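Just so we're on the same page: letters track the sequence lines, and every chain starts at 1. All values derive from a computational prediction rather than experimental measurement.
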Number of protein chains: 2
Amino acid sequence: MRTLLTLQSQLCPDLLSVMHKRYTVLRRIYYLQPVGRRSLTSSLQMTERILRSEVDFLREQGLVNIAQAGMTLTEQGLEVLQKLQPFIEEYLGYSQLSEELKERLNIQEVWIVPGDSEHDEWAKKELARAGAQLIKSWVQEDQVVAVAGGSTMQAVAESMSPTPIFKRTTFVPARGGVGDAVEHEANYIASRMAKNSGGRYRMLHVPDQISEEAYQLLTQETQISDVLHMIQEASVLVYSIGDAKTMAGRRKYGREFMQLLEEKQAVGESFGYYFDRNGTIVHRTKTAGLRLRDLPKVGRKIAVAGGASKAEAIAAICSVFPQDTLVTDEAAARKILSQNYPL
Amino acid sequence: MRTLLTLQSQLCPDLLSVMHKRYTVLRRIYYLQPVGRRSLTSSLQMTERILRSEVDFLREQGLVNIAQAGMTLTEQGLEVLQKLQPFIEEYLGYSQLSEELKERLNIQEVWIVPGDSEHDEWAKKELARAGAQLIKSWVQEDQVVAVAGGSTMQAVAESMSPTPIFKRTTFVPARGGVGDAVEHEANYIASRMAKNSGGRYRMLHVPDQISEEAYQLLTQETQISDVLHMIQEASVLVYSIGDAKTMAGRRKYGREFMQLLEEKQAVGESFGYYFDRNGTIVHRTKTAGLRLRDLPKVGRKIAVAGGASKAEAIAAICSVFPQDTLVTDEAAARKILSQNYPL
DNA sequence: ATAATAGGGACATAATAAGTCCCTTGGAGG
DNA sequence: CCTCCAAGGGACTTATTATGTCCCTATTAT
């Protein structure tokens, strides 16, 4: 069933919102029947005229009965109401979830996609698609978008599609390479995003783990300092959140490093910063790029992360710095809400 | 799955057609890609402007890629196309079916609802709902609607909903009682239709099987002759089709009558006329009301009948007199098309 | 009786869809 | 190398639809 709803949300998103609106009207009539137009409008917070058009339509379809005493559901209307309920709940369970998450994590905006992106490839694509759409809706001309690395970010990059605005958008890596596989490196992802969206990109080639002297020298190169400046002026930051266990398996760092993370109880990582469940930074990768203190200047910070195993890390990063937008999946959302992570 | 589509077809039918339209565009692009706007318009028989709006939307959703060389599907677009296919086929399989039926039976208009109304209560309601909607869309002010009897007609009556036009509509039975249960009698059904639609009704109380003398006397009563005149001036006739087997079980006629029907190979009945598979009338109930020779004067004749077992009867009645509208279900439609009933 | 609430009609206006025409660009073919 | 065709895209007008606004009449409970 989910499939149809998901497909429709791509092919005709209005369909679902209209369906939802009419369903809401139906349900409200059912609860209050017989009810007049005026009380319905105030109850539904619609303008009277709009409500009236909807009601006229519903009557035309034979779903509501409209008489002197007020409106009532017909037998058919009741049937539709009842049979539609599970679908609607599925459709808007997420918006309810997202409301709860917003409050719980103190985030301005939360998008939730169905499923578990950790185990379901389709769900991961949905997550990425949502992220890509969000970027598209937020970017304006001549802005810089800083992107982090990781497999989720890669999926986002592949979901980008061209729009005229992107022609004047520059994608930059939030930080230099962090020792991942090439296709997960921020540099690569910035380039893919630009490729798929029709935008420009700049790379930041600063090796990890170099001496302080070498670093200072490098950052004086105009090629590099230019990009560094762009990064610090980024209007949008898009990043994902790694969880401790996956990090442990993937990073090429040595055993001591893993022990350090374990000792300090790191639960997650984002663009090179490792944090514990209280949101305390326990380690930072030594590489050039966006620093924590640059974040307040970034206009929009979009976190894209899903899967139940990342729940703790997602919850924790909200304490690291104030989030404004989170794109996640149902699995992570429910896990976060079901557990009492510290604020 | 069917449920969601069915519900949506009630709650937001126009949006489903939008979905269909976009799907068609997607599919055509897939076949012809890379394809230009002009060739698409001629191929899809849309105006250029409309096609353009749709394509813009699809690009916005990241489903099509739009480049100098023409339009192509994105990976996502292909995915949506493929996953949506079964749903679309389900949604419009019926319109294809109805095209075939129109040609096969030489009917102007055919409506098909999902399922088998013989075994599925929900399907029967759908059938009735479609019938009721059709009546609603055809009736104009101050017209007379003649209705026949039967359980299907009863369901149609219960699916009627009020509309201003019905206030000036009169429902009359097509013929007098035919010895069925009260709730299946044409008289009762006319009254229920009027009740549920907000219209007026007149009854025709002429007993079956009375002597010729008594009949002549009765039809001179103004009460009765008035109604008879109304019937003969009916603008819309709504009737169902009974199949031989059900008739055998339900009628209260004696064994001789059943033998007669069997002898003459009757396959169906409509408003008192029994016919064989060639469309020859083999018996007519002796009761007052609409006669076959009145039919050409009736503006619109709507037959509502479903269920596989009625397939033969439905096919046969098209030879009895020219049909213009048939409302049936998937089961009957497929059965009719799968068999070679005589023309 | 009367006040409150019901639905419904009518019309202006805002928003959006659709029709129409023309432009620039890139590539295939002469 | 040039020409021409078909590609997408911009810009404007017109038609259609949705919405806002205001007011009317009928019913019903007090």
Next item on the list: Would you tell me if any nitrogen or oxygen in the side chain of Ser53(A) comes within less than 4.0 Å of OP1 or OP2 on dA18(D)?
Entry: no
Item checked: Length of the CD-C1' vector between Glu54(B) and dG8(D), whole Å -> 17 Å
Margin query: So, under a plain 3.5 Å distance rule, would you say the side chain of Arg52(A) forms a donor-acceptor pair with the base of dG9(C)?
Written below: yes
Notebook entry, point to check: Given dA18(C), dA10(C), dG8(C), which nucleotide is nearest the side-chain atoms of Ile66(A)?
Noted result: dG8(C)
Notebook entry, point to check: Does Arg38(A) get its side chain close enough to the base of dG8(C), under 3.5 Å, for a donor-acceptor pair?
Noted result: yes
Check: Between Arg59(B) (CZ) and dG9(D) (P), how many Å, whole number?
Finding: 6 Å
Next item on the list: May I ask you to decide whether Glu79(A) forms a salt bridge with Arg129(B), counting only side-chain N to carboxylate O separations under 4.0 Å?
Entry: no
Item checked: Gap between atom CG of Leu4(A) and atom CG of Leu4(B) - 0.5 Å precision -> 5.5 Å
Check: Is there a donor on the side chain of Arg37(A) or the base of dG8(C) sitting less than 3.5 Å from an acceptor on the other?
Finding: yes
Next item on the list: Kindly assign one of parallel, tilted or perpendicular to the pair Tyr91(A) and His20(A), based on the angle between their ring planes and the thresholds 30° and 60°.
Entry: perpendicular
Notebook entry, point to check: Nearest-Å distance, CG (Leu40(B)) to C1' (dA7(D))?
Noted result: 12 Å
Margin query: dA6(C), OP1 or OP2 - any side-chain N/O from Ser39(A) closer than 4.0 Å?
Written below: yes
Check: When the distance from CD1 of Ile29(A) to P of dG7(C) is rounded to whole Å, what number comes out?
Finding: 9 Å
Next item on the list: Could you tell me the separation between the CG atom of Asp14(B) and the C1' atom of dT16(D), rounded to a whole number of Å?
Entry: 15 Å
Notebook entry, point to check: Is the shortest side-chain N/O distance from Thr47(B) to OP1 or OP2 of dA18(C) below 4.0 Å?
Noted result: no
Margin query: Check this for me: Glu100(B), atom CD, are more than 12 non-hydrogen atoms of other residues, nucleotides or ligands nearer than 6.0 Å?
Written below: yes
Margin query: Expressed as a whole number of angstroms, how long is the span from Glu48(B):CD to dA18(C):P?
Written below: 14 Å
Item checked: Heavy-atom closest contact (Leu15(B) atom, Asp14(A) atom, distance) -> CD1-O, 3.9 Å
Margin query: At 4.0 Å (heavy atoms only), tell me whether Val35(A) reaches a base, stays on the sugar-phosphate, or touches nothing.
Written below: sugar-phosphate
Next item on the list: Nearest whole angstrom, please: distance from the P of dG9(D) to the CZ of Arg49(B).
Entry: 12 Å
Notebook entry, point to check: Whole-Å distance between dT16(C) C1' and Asp56(B) CG?
Noted result: 14 Å
